[in-house]
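Input: a single structure, listed below in structure tokens.
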Amino acid sequence: MSSTSTALARSFACDETQASPRPRRILRVIELGTPEEAAEATAMEIGAFICSKENAVLGLATGRTMLPVYEHLSQWHRTQDLRLDRCTSFNLDEYCGLPDNDPSSFVSYMHKHLFEKVGMPQAATHFPPVSGAPLLPEAYDDSIRQAGGIDLQLLGIGRNGHIGFNEPGTDPETKTHVVELDASTREANAGDFPDGAEVPTHAVTMGISTILSARRILLLATGEGKSEALETAFKAPVSPDCPASFLQRHPHVTVVCDSAAAAGCKELS
Ligand code: F6R
């Protein structure tokens, strides 16, 4: 793995006052120059975590931001024997109404960009149950618990502050549930579908409380288009208007961003 010596890393504890002692919270911000460097640093965080806990339970995200992360992990699996195949994974979300083998499904995305390349056994990979499956969405939270809980949850962020497919207005107590996608999210993801194909209107996503149950969160944001969402998530008060702001309540969050997205993180300390 190459060095990311240009990274600006900051760690600080939040919200500790003598009058009202609250649990210690760690927020680390790692800022790199380019999206590629930020993706490599994110892959290094994941790789280092897997090396420290080889049977790790990973929460995984899809989206364009994650493609270079999975490329790095696949390469390190090939060249440096990074053992992703010993991990268990739970993906954040999946569209409703698409067969698993639809090229635009998140199942297809994960197989193509990561699972096939690193030899993840299918039984170790999990996706939220979408319509037609025998399980209710909430059963996904039970499966996660039975696997021992998520050790490291990887997250992207939507321009409107969504995490998973928890759109603005989502209650922080939500478990895995069906959501109606915002028009802006469907528009942002239209490029993942063939010309003329409709982006599904609904999806199943881990809820905010499902995400916050992970032991550690690793959020990657790249590009100017994510700057405002990042700023609102970590500098504005916690609010359902920006679902990512609930991450302020999590005890162990690492944000990795490039300089374009970092405008929203600069004043965090
Ligand atoms: C994907 C997911 C979403 C994306 C977000 C950013 O599984 O849960 O929250 O992380 O929409 O997507 P990109 O990376 O395509 O900008």
Side-chain angles (χ1 to χ4, degrees), residues 34-36 38-39 42-43 46 58-72 89-96 98 100 102 104-115 125-130 137 140 144 150 152-170 174-193 199-208 210-212 214 217-230 232-233 242-247 253-258 260-261 264:
T34 66
E36 183 51 44
T42 303
I46 299 169
L58 303 175
L60 297 177
T62 59
R64 281 170 295 284
T65 312
M66 298 304 157
L67 290 173
V69 175
Y70 294 145
E71 186 52 46
H72 281 294
S89 72
F90 287 87
N91 261 79
L92 274 167
D93 38 24
E94 179 58 288
Y95 292 112
C96 293
L98 295 183
D100 281 357
D102 188 298
S104 302
S105 73
F106 291 159
V107 170
S108 296
Y109 170 111
M110 290 306 304
H111 280 279
K112 178 172 171 194
H113 298 293
L114 187 69
F115 296 158
T125 66
H126 303 83
F127 289 83
V130 289
Y140 198 52
I144 292 171
I150 290 175
L152 179 66
Q153 176 67 55
L154 178 62
L155 293 178
I157 185 169
R159 285 170 183 244
N160 63 1
H162 71 226
I163 47 174
F165 273 144
N166 294 286
E167 301 284 23
T170 306
T174 45
K175 302 203 178 309
T176 303
H177 62 295
V178 179
V179 289
E180 183 170 358
L181 297 172
D182 263 15
S184 65
T185 301
R186 294 179 67 222
E187 197 183 317
N189 292 1
D192 303 333
F193 289 80
V199 179
T201 54
H202 290 76
V204 178
T205 181
M206 286 186 195
I208 301 286
T210 320
I211 292 170
L212 294 183
I217 306 270
L218 177 58
L219 184 146
L220 172 63
T222 56
E224 197 186 344
K226 301 296 173 70
S227 168
E228 197 180 326
L230 214 49
T232 311
C242 177
S245 69
F246 290 115
L247 298 174
V253 175
T254 301
V255 176
V256 185
C257 51
D258 66 350

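Along the sequence shown, residues are numbered consecutively beginning with 1. Just so you know, ligand 1 is whichever comes first in the structure, and atom 1 is the first atom listed for that ligand.
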How about Arg159: does its CZ atom have over 12 heavy atoms from other parts shown lying under 6.0 Å from it?
-> no
Residues in the immediate environment of ligand 1 (any heavy atom closer than 4.0 angstrom) | Ala61, Thr62, Gly63, Arg64, Thr65, Leu92, Asp93, Gly156, Ile157, His162, Gly164, Lys226
Closest non-hydrogen atoms of Glu167 and Glu180, given as atom of the first, atom of the second and distance, are CG-O, 4.1 Å
Shortest non-hydrogen contact between Val69 and Thr65, atoms and distance | CG2-O, 4.1 Å
Test log, rule side chain to side chain donor-acceptor pair (under 3.5 Å), inputs Asn189 and Tyr95 | CA-CA 11 Å; Asn189 292 1; Tyr95 292 112; 3.1 Å; yes
Would you give the length of the straight line joining atom CZ of Phe115 to atom OG of Ser89, rounded to the nearest 0.5 angstrom?
-> 3.5 Å
Mark yes when over 12 heavy atoms from residues, nucleotides or ligands other than Glu36 sit less than 6.0 Å from its CD; otherwise mark no.
-> yes
